[in-house]
Amino acid sequence: MSAPSSRTAGPVRTFKQRFSATRRGARLARLLAAHQLTEWGHPHGAAAYDTVVLVVAELAANAALHGCVPGRDFALFLACDDVRGVIRIEVSDTHPDPPAPTAAAADEEHGRGLALVDALATRWGVTGRIGPGKTVWAECATVADEPRFTRVPPGRDAASAPPRGCSSHAPAHNLVSVPDTDV
């Protein structure tokens, strides 16, 4: 594995790195993406951070699990474009087949990764690449963080007074706004 490459010249900042096509490589891709996001000003707990880290985790896991060709690795490329307000994620592997979204049954442990990517990314797709394989890409918005919500367990009441800056009515689906705090 070569040293990570990061470029900050101009309005688009980039990061690229190759990883072994293993579960460990997928985990390292997620961890390095998380570190790079904090370097770019999207701290842990921010909406952009959470979204991008989850999308990277899913795409890297797919590259390691489904895109694995023995003896080959996968590449992660991140580009933070503050002008457009997006972070672009690209994961390239050497397997020629495009990913096939599936509808997982409720009791299955696999098959929801691309559904998560579709739900979280503003757009995503698959492109060819020079040499064997493909690149799966996704773009995630870097909008200012809004209040985060957490589910209130059944049978429990939300706090009697809403947190400062929140309306007195709880949002739909038993969600209440809670301030972000690092504990």
Side-chain angles (χ1 to χ4, degrees), residues 1-69 72-95 98-99 101 109-146 148-149 180-183:
M1 180 168 64
S2 59
S5 172
S6 184
R7 183 176 65 88
T8 58
V12 177
R13 296 165 289 174
T14 63
F15 170 85
K16 63 181 176 179
Q17 177 67 46
R18 299 190 73 77
F19 299 93
S20 63
T22 62
R23 294 171 77 181
R24 181 174 286 173
R27 179 178 181 268
L28 185 56
R30 176 182 54 84
L31 292 172
L32 287 177
H35 175 73
Q36 191 62 53
L37 289 168
T38 60
E39 292 292 314
W40 288 340
H42 302 284
H44 177 76
Y49 175 98
D50 294 342
T51 299
V52 171
V53 168
L54 185 54
V55 170
V56 167
E58 291 299 334
L59 296 181
N62 283 352
L65 182 64
H66 304 294
C68 180
V69 172
R72 302 290 180 139
D73 51 6
F74 71 92
L76 170 67
F77 174 80
L78 301 173
C80 181
D81 186 340
D82 291 327
V83 173
R84 289 182 49 223
V86 298
I87 295 176
R88 184 175 175 96
I89 303 144
E90 296 181 4
V91 175
S92 301
D93 63 56
T94 54
H95 198 281
E109 293 182 12
H110 302 284
R112 294 175 183 82
L114 290 177
L116 285 171
V117 171
D118 188 54
L120 294 171
T122 55
R123 60 191 199 120
W124 72 279
V126 181
T127 59
R129 63 180 215 146
I130 297 174
K134 70 203 170 276
T135 297
V136 181
W137 59 269
E139 290 184 348
C140 300
T142 60
V143 296
D145 285 330
E146 297 174 5
R148 297 184 60 188
F149 297 96
D180 285 332
T181 57
D182 290 324
V183 179

Nearest-0.5 Å distance, CZ of residue R72 to NE2 of residue H95: 12.5 Å

Test log, rule side chain to side chain contact (heavy atoms under 4.5 Å, CB included), inputs D73 and T22: CA-CA 8 Å; D73 51 6; T22 62; over 6 Å; no

Step-by-step salt bridge (Lys or Arg N to Asp or Glu O under 4.0 Å) determination, D82 to R13: CA-CA 9 Å; D82 291 327; R13 296 165 289 174; 2.5 Å; yes

Euclidean distance, L28 CG relative to F19 CZ, rounded to 0.5 Å: 5.0 Å

Rounded distance (nearest 0.5 Å) linking atom CG of D93 with atom OG1 of T135: 8.0 Å

Step-by-step side chain to side chain contact (heavy atoms under 4.5 Å, CB included) determination, V86 to T142: CA-CA 5 Å; V86 298; T142 60; 5.7 Å; no

Value rounded to 0.5 Å, distance of CZ in R88 from CZ in R123: 6.5 Å

Atom pair CZ/OG1 of R84 and T122 - distance to nearest 0.5 Å: 8.0 Å

Side chains of L76 and L32 in contact at under 4.5 Å (non-hydrogen atoms): no

By side chain to side chain donor-acceptor pair (under 3.5 Å) - contacts of R30 (at least two apart): none

Near-ring test Y49/H44, centroid separation under 6.0 angstrom: yes

Gap between atom CG of L31 and atom NE2 of H35 - 0.5 Å precision: 11.0 Å

Closest heavy-atom pair and its distance - V117, A138: CG1-CB, 4.3 Å

Those residues that, when tested against R129, pass salt bridge (charged side-chain N to carboxylate O under 4.0 Å, His left out) (two or more places apart): none

Closest non-hydrogen atom pair between P99 and V126, with its separation: CD-CG2, 3.6 Å

Close side-chain approach of N62 to V91, heavy-atom, < 4.5 Å: no

Heavy-atom pair of closest approach, residues A141 and A48: O-CB, 3.9 Å

Among V52, T14, V12, I87, the one residue meeting side chain to side chain contact (heavy atoms under 4.5 Å, CB included) with C80: I87

C140 versus A121, closest heavy-atom pair with distance: SG-CA, 4.2 Å

Steps toward side chain to side chain contact (heavy atoms under 4.5 Å, CB included) verdict (W137, I89): CA-CA 5 Å; W137 59 269; I89 303 144; over 6 Å; no

pair L59-W124: side-chain heavy atoms closer than 4.5 Å: no

